Amino acid sequence: MVKVDISGALGFIDENEVRAIDTSVHLQKLETMYENGWMKVPAVFNAELSDKVKCLAEKITKQSQVLVVLGIGGSYLGARAAIEYIKSPNYNMLPKKTPDILFAGNNVSGEYLEQIIALIGDRDFSVNVVSKSGSTIETAISLRFFKELLLKKYGQQGLKERLFVTSDIGSPLIQMAQREGYAYLEMPPEVGGRYSVLTVVGLLPCCVAGIDIDELMRGAKEEFDNGIQEACLYAAARQALYKKGKKIEMLACFEPAFRSTGEWWKQLFGESEGKEGIGIFPSYADYSADLHSMGQLIQEGERTLFETFVSLKSSRSSLNVPSGSIHSDKIATIEGFDMHKINCSAFDAVKKAHIDGGVPALELCLPSLSAASFGALAYFFMRSCAVSSLISGVNPFGQPGVEAYKKNLFAILGL
């Protein structure tokens with residue numbers, strides 16, 4: 001379960017200001033809103049759904065060396081985040097018995113699409129197209145290319161065996177799957193895309209990557225049962241900081257495996273809160289790498305941001321620094337140090353320096369990078385995001401601004 005530490009922000013806001021924000025009324029509102037189906041996802045996950053996802057994942061794994069996931073926004077960010085967090089950001093390059101996972105359909109770059117196709121090469125592959133509406137232009141364009149590739153390589157029957165659809169019931173994609181004979185998974189209609197990582201949207205690619213989806217959902221269920229207080233504390237603290245003029249939130253973690261989780265988090269909070277001329281701007285920093293590019297600005301730039309650090313109690317690595325060095329200064333004496341200890345020390349040093357420099361810091365504490373902790377963190381973020389949005393007075397589930405560019409694009413293309 002995620003633990004929240006707001007002590008690093010208390011020099012900038014008073015704890016009473018945080019406690020004064022009544023989150024209970026917003027939790028009650030969530031319970032009555034139609035779009036809150038994601039809130040119950042960990043509770044309704046069962047053996048039947050688990051077996052259905054595992055069955056399709058087993059089929060994909062047996063017949064393919066590559067799975068291409070076509071989707072944009074919440075249709076792919078959550079799955080990518082989970083795979084990198086639980087497995088590795090280098091998942092595709094590591095030796096393994098599971099297929100590579102490639103992501104496409106998240107842009108309209110022909111160059112990118114050609115490179116994805118080149119990465120597949122002569123290997124056997126399957127495609128999972130994910131779109132809630134079934135008509136997202138970036139994903140729809142990519143689907144045309146991959147249907148053509150599948151048909152050319154495997155024929156009509158092979159196309160039926162290797163194209164898997166994930167969408168809302170009744171959507172154009174589901175209608176296509178029913179008409180043409182593709183396997184499909186139905187997204188819960190009341191769950192929006194950016195809140196869908198713990199549904200079949202995220203679970204199928206995760207399962208193909210060899211992730212224990214039952215363990216992932218166990219972590220989400222534990223957070224569902226016991227994490228209300230911590231999620232509300234995070235939501236209230238960030239809103240209290242926003243009222244004090246802290247308009248940018250820098251999420252930061254010292255593990256590169258967290259990078260895509262940061263990207264998923266940006267969409268979740270950005271699309272949910274950024275409306276009606278208000279909203280905390282979500283950004284992500286990959287420490288300690290980004291300290292050598294953004295550290296100066298964070299330390300001494302305009303005081304309009306706060307940081308939310310993600311800390312990990314333990315590491316999956318047991319590396320120690322070997323002996324031998326060209327240095328004769330303090331670095332020379334670091335041999336034998338545990339790498340996780342150094343990473344944690346860097347975390348402590350950065351947090352202290354930034355607080356001393358005038359940057360409030362919240363901390364989200366996790367036990368380790370694992371399937372269960374990802375499930376817990378994903379649910380924690382979704383709950384806290386919805387509560388935080390309601391505190392600020394906006395609907396967490398709409399995204400009217402996203403449609404503006406689509407209308408312009410269709411008009412420019414003459415469609």
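Scope of the values below: all heavy atoms of this structure, side chains included, with no hydrogens, waters or symmetry mates. None of the values given here were measured: they were computed from a predicted structure.
- Ion pairing between a basic and an acidic side chain is recognised when a charged N comes within 4.0 Å of a carboxylate O; Arg123 and Asp100 show such pairing.
- There is no side-chain donor-acceptor pair under 3.5 Å between Gln175 and Glu180.
- Within the 3.5 Å criterion, the main-chain N or O of Phe269 finds no donor-acceptor partner in the side chain of Ser272.
- At distances below 3.5 Å, at least one donor-acceptor pair connects side-chain atoms of Ser171 with backbone N or O atoms of Ile174.
- Taking each heavy atom of Asp338 and Asn320 in turn, the nearest pair found is CA-OD1, 3.2 Å.
- Of the charged side-chain nitrogens involved, none lies within less than 4.0 Å of a carboxylate oxygen, so that Lys247 and Glu302 do not count as a salt-bridged pair.
- More than 12 heavy atoms of other shown residues, nucleotides or ligands fall within 6.0 angstrom of atom CG in Leu297.
- Relative orientation of the Phe254 and Tyr287 rings is perpendicular, given thresholds of 30° and 60° on the angle between their planes.
- Here the side chain of Arg194 pairs no donor or acceptor atom with the backbone of Gly192 at under 3.5 angstrom.
- Donor-acceptor pairing under 3.5 Å is lacking for the side chains of Gln267 and Glu263.
- By the neighbour-count criterion of 12 heavy atoms within 6.0 Å, atom CZ of Phe281 is sparsely surrounded, having that number or fewer from other residues, nucleotides or ligands.
- Scanning both residues, Gly74 and Val201, for their nearest heavy atoms gives O-CG1, 3.7 Å.
- No side-chain heavy atom of Leu67 sits less than 4.5 Å from a side-chain heavy atom of Val127.
- A donor atom on one side chain and an acceptor atom on the other are found under 3.5 Å apart for Asp22 and Ser24.
- The two residues Asp122 and Lys153 have their closest heavy-atom pair at O-NZ, 2.9 Å.
- Under 4.0 Å is where a charged nitrogen must lie from a carboxylate oxygen, and between Lys221 and Asp214 no such pair does.
- A cation-pi arrangement is absent between Arg162 and Phe164, since the terminal nitrogen or guanidinium carbon is not both under 6.0 Å from the aromatic centre and inside a 45° cone about the axis.
- When atom types are taken as modelled, the side chain of Ser50 and the backbone of Asn46 share no donor-acceptor pair closer than 3.5 angstrom.
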Item to check | side chain to side chain contact (heavy atoms under 4.5 Å, CB included) between Arg238 and Phe306, intermediate numbers included | outcome: CA-CA 8 Å; Arg238 60 196 306 276; Phe306 67 95; 3.7 Å; yes

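- Within a 6.0 Å sphere centred on OH of Tyr154, other residues, nucleotides and ligands contribute more than 12 heavy atoms.
- No donor-acceptor contact under 3.5 angstrom links the side chains of Ser131 and Thr139, judged on distance only.
- By the 6.0 Å and 45° rule, Lys341 stacks over the aromatic ring of Phe337.
- The shortest heavy-atom contact between Lys275 and Asn395 is NZ-O, 2.8 Å.
- Here side-chain hydrogen bond (donor to acceptor under 3.5 Å, both in side chains) pairs that include residues 65-77, with residues two or more places apart or in two chains, number zero.
- Remark: Ile213 CD1 to Leu49 CG distance equals 7.0 Å, nearest 0.5 Å.
- Residues Phe380 and Tyr234 place their aromatic rings such that the two centres sit under 6.0 Å apart.
- For the residue pair Ser370 and Tyr85, the shortest heavy atom distance occurs at O-CE2, 3.4 Å.
- Counting only distance, with no hydrogens or angles, the side chain of Asp290 and the backbone of Asp286 share a donor-acceptor pair below 3.5 Å.
- Side-chain N or O atoms of Glu363 include none that pairs as donor or acceptor with a backbone N or O of Val4 at under 3.5 Å.
- Here the CD atom belonging to Glu307 is positioned 10.0 Å from the CG atom belonging to Leu362, to the nearest 0.5 angstrom.
- Between Ile101 and the choices Val208, Asn128, Val66, the side-chain contact (heavy atoms from CB on, under 4.5 Å) rule is met once, by Val208.
- Between Thr308 and Tyr284, the closest side-chain pair of non-hydrogen atoms is not below 4.5 Å.
- Aromatic ring centroids of Tyr195 and Phe397 lie under 6.0 Å apart.
- Closest approach of Leu390 and Pro396 over heavy atoms only: CD2-CD, 3.8 Å.
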Checklist entry - Would Gln178 and Tyr184 count as a side chain to side chain donor-acceptor pair (under 3.5 Å) if you check the C-alpha gap in whole Å, the side-chain angles of each, and the deciding distance to 0.1 Å? => result CA-CA 8 Å; Gln178 293 171 334; Tyr184 63 89; 3.2 Å; yes

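- Remark: side-chain polar atoms of His340 are paired, donor with acceptor, to backbone N or O of Lys313 under 3.5 angstrom.
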Checklist entry - Could you go step by step and tell me if Ser368 and Arg316 meet the side chain to side chain donor-acceptor pair (under 3.5 Å) rule? => result CA-CA 8 Å; Ser368 64; Arg316 295 176 293 198; over 6 Å; no

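- The cationic group of Lys96 lies under 6.0 Å from the six-membered ring centre of Tyr91 and within 45° of the ring axis, placing it in a cation-pi geometry.
- Within the structure, the salt bridge (Lys or Arg N to Asp or Glu O under 4.0 Å) test picks out the following pairs touching residues 168-178 (sequence neighbours left out): Lys132-Asp168.
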Item to check | Residues Glu161, Gln156; criterion side chain to side chain donor-acceptor pair (under 3.5 Å); working and verdict | outcome: CA-CA 9 Å; Glu161 294 293 324; Gln156 191 64 48; over 6 Å; no

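- A donor-acceptor pair shorter than 3.5 Å cannot be found between the side chains of Glu249 and Ser283.
- Considering Leu143, Leu102, Thr136, Val165 in turn, Leu143 is the only one that fulfils the side-chain contact (heavy atoms from CB on, under 4.5 Å) rule with Leu70.
- Thr261 and Glu84 are not linked by any side-chain donor-acceptor pair at a separation below 3.5 angstrom, with hydrogens and angles left out of the test.
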